[in-house]
2 protein chains.
Amino acid sequence: MALKHTILAFLSRQSLSGYDVAKEFAEGFGSCFWKASQQQVYAELTKLEQQGKVAYEAIPQPGRLDKKIYSITEQGQQELLDWLTQPCEPSAIREDLGVMGLAGHLVSPQVVIREIERRRQLHLETLQQVKKLDEHFAKHRDSLELKDLYMHLIIRRGIRYQEEWVAWCDEALGAITQAVNR
Amino acid sequence: MALKHTILAFLSRQSLSGYDVAKEFAEGFGSCFWKASQQQVYAELTKLEQQGKVAYEAIPQPGRLDKKIYSITEQGQQELLDWLTQPCEPSAIREDLGVMGLAGHLVSPQVVIREIERRRQLHLETLQQVKKLDEHFAKHRDSLELKDLYMHLIIRRGIRYQEEWVAWCDEALGAITQAVNR
DNA sequence: TTGACATATTCAATTTCTTGAGTATACCGT
DNA sequence: ACGGTATACTCAAGAAATTGAATATGTCAA
């Protein structure tokens, strides 16, 4: 499971609180490549800490629980490095909308059309968000240092993914409309 | 979770043994939209059977465990219908390769390049497979009945998804090579 | 005839993920 | 002053997925 390694990767860039890591998953990286809930992040950080792969500095906060700033340790860095060096497999796709392809004929075409239109809209919105993440990188695309280039490329993947969804929705809507009016 | 509904959707097309359902996940549909292990499928079928959403007919087989042919029940059909009528969310993306975008700078560009080339190859192979699934549908694209059109569109999504990956790999390889030689 | 591959199902341990609640303060706008 | 949102972390139950093994036969090719 790569949640562990994704967290280590975040911390290899900069030290962060659990809250901040969770926010990355929810906003930036999450909309491109990986989603994880806050609880998952906190649980994983606790585990990594017990394994000595990350360490935290507790920042006392008046009147509430300490804020914990996590950093990656030598050991964590090593773990991440080992993982990066190994080949990784394409992740499994699990897409609810796919069920429509199997059983869509059980409902009216209008239901299918409505659902696809809804999806189109959603992906369009996510696309705007992801594009914003890329703005800075895209501007200097040809002079980025590797670290930033990789980040740019991964965001590009996110952009292309969302664009692809929108394009497929258009294709599907066109084909279904045509078939219904036939 | 849609595993349940995906199984119901398969069984709404035709009655199948657990083994056959699992094969669909591994081969056809699996490479497009959903992957599930054999154990998962068997476990889910048992649960669905207990809930009265599927029923099986046991086919005795000399010298080994009965083969069970599962069919969807009225109740299962209803469950599936209800689910299809509700809006569904885009599924979360969880892509190991994304970690490269965060921490790729920790390894040499050659490692990153090698990994992306490997991925390109994998997606190219899957693409060929998925295209085969579509052959029949693509030929009659403009005269498919809805049931088949939906299937075609879902396979099209799979095709586009794989093509998109290949295209991204090309973009990434180009950009990295250029940056390294700079 | 041996070994690989396909058919067909079951069990069980463990890890991961989801869902939902609980605690507590700060800041901003209306 | 109030509600909404953001910050910041914890706990726990239950569902889902992964990993790995066990059982047993049929078929096809080298």
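These numbers come from a predicted model, not from an experiment. Convention: sequence-line order gives letters A, B, ...; per-chain numbering from 1.
- Sorted by first and then second residue, the pairs that involve residues 139-155 of chain B and meet salt bridge (Lys or Arg N to Asp or Glu O under 4.0 Å), not counting sequence neighbours, are A:E171-B:R141.
- For residues 36-56 of chain A, proximity to DNA chain D is found at A:Q38, A:Q39, A:Y42, defined as any non-hydrogen atom under 4.0 angstrom from a strand atom.
- When atom types are taken as modelled, the side chain of B:R119 and the backbone of B:C169 share no donor-acceptor pair closer than 3.5 angstrom.
- For the helix from C:dT1-D:dA30 to C:dT30-D:dA1, the end axes, each set by the C1' atoms of five terminal pairs, are bent relative to each other by 40° (nearest 10°).
- Within the structure, a side-chain polar atom (N or O) of A:Y19 is placed less than 4.0 Å from OP1 or OP2 of D:dT7.
- Contact annotation: A:K23 side-chain N/O to D:dA8 OP1/OP2 distance is not under 4.0 Å.
- Taking the ring axis of A:W168 as reference, the NZ or CZ atom of A:R120 does not stay both within 45° of it and closer than 6.0 Å to the ring centre.
- Summarising the hydrophobic clusters (Ile, Leu, Val, Met, Phe, Trp, Tyr; side-chain heavy atoms under 4.5 Å, direct or chained), the residues clustered with A:Y19 are A:Y42.
- Through chains of ILVMFWY side-chain contacts below 4.5 Å, A:I69 is grouped with A:I59.
- Residues satisfying the side chain to side chain contact (heavy atoms under 4.5 Å, CB included) criterion with A:V21, sequence neighbours excluded, are A:I7, A:F10, A:L11, A:L16, A:F25, A:V41.
- If you measure from atom CD of A:E24 to atom P of D:dA8, you get 14 Å, rounded to the nearest angstrom.
- Side-chain contact of B:Q86 with B:D82: a donor-acceptor pair under 3.5 Å is absent, judged by distance alone.
- Across the interface with DNA chain C, nearest-nucleotide mapping of B:Y70 and B:E27 shows B:E27 to be the residue nearer the 5′ end.
- Spacing between atom CD of A:E57 and atom C1' of D:dA8 amounts to 16 Å, rounded to whole angstrom units.
- A:W83 and A:F29 fall within a single hydrophobic cluster, where Ile, Leu, Val, Met, Phe, Trp and Tyr are joined by side-chain heavy atoms under 4.5 Å apart, directly or via other members.
- B:E79 and B:H5 share a side-chain donor-acceptor pair at under 3.5 Å.
- Between B:K35 atom NZ and D:dT19 atom C1' the separation is 17 Å, expressed in whole Å.
- An OP1 or OP2 oxygen of C:dT16 is reached within less than 4.0 angstrom by no side-chain nitrogen or oxygen of B:R94.
- Contact annotation: B:K68 side-chain N/O to C:dT7 OP1/OP2 distance is not under 4.0 Å.
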